[in-house]
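Just below is one structure, and these are the notes that go with it.
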Amino acid sequence: SLGLLVVGGAVVGALACYQGSKVRLFVFAIPDGQWWLFPALVALMGAAGAVACWMPTRRALAIQPVQALKADS
């Protein structure tokens, strides 16, 4: 999941920077001197996605595989 998050964030971040003027019309009014806003938004969403990937993984790693198999039967 984290790999897909990184690839998607990189692609969307690159497209947003490339198409900045068109994205600016649809999302919200961004002043012209605020070039750093798109990478900051991508980083913020990436951090939220990383936490969303990390929390279930941490919970799943806390259980031993043998215990999980015994619980199924």
Side-chain angles (χ1 to χ4, degrees):
S1 296
L2 194 57
L4 292 173
L5 179 71
V6 169
V7 170
V11 169
V12 169
L15 287 174
C17 289
Y18 179 69
Q19 296 286 334
S21 61
K22 293 177 185 174
V23 171
R24 214 177 285 139
L25 295 173
F26 293 111
V27 181
F28 46 83
I30 299 173
D32 287 333
Q34 305 286 332
W35 62 269
W36 54 270
L37 192 56
F38 284 127
L41 290 173
V42 169
L44 180 66
M45 295 303 291
V51 169
C53 292
W54 173 69
M55 290 177 70
T57 303
R58 186 184 60 144
R59 177 185 272 173
L61 289 175
I63 300 171
Q64 294 294 324
V66 174
Q67 290 175 345
L69 290 173
K70 285 182 183 177
D72 283 341
S73 56

Report summary line: side chain to side chain contact (heavy atoms under 4.5 Å, CB included) filter on L61, not counting sequence neighbours, yields T57
**Report entry** Other ILVMFWY residues reachable from V51 by side-chain steps of under 4.5 Å
**Finding:** W54, M55
Query raised in the report: What are the two closest non-hydrogen atoms of C53 and L2, and how far apart are they?
Result: SG-N, 4.0 Å
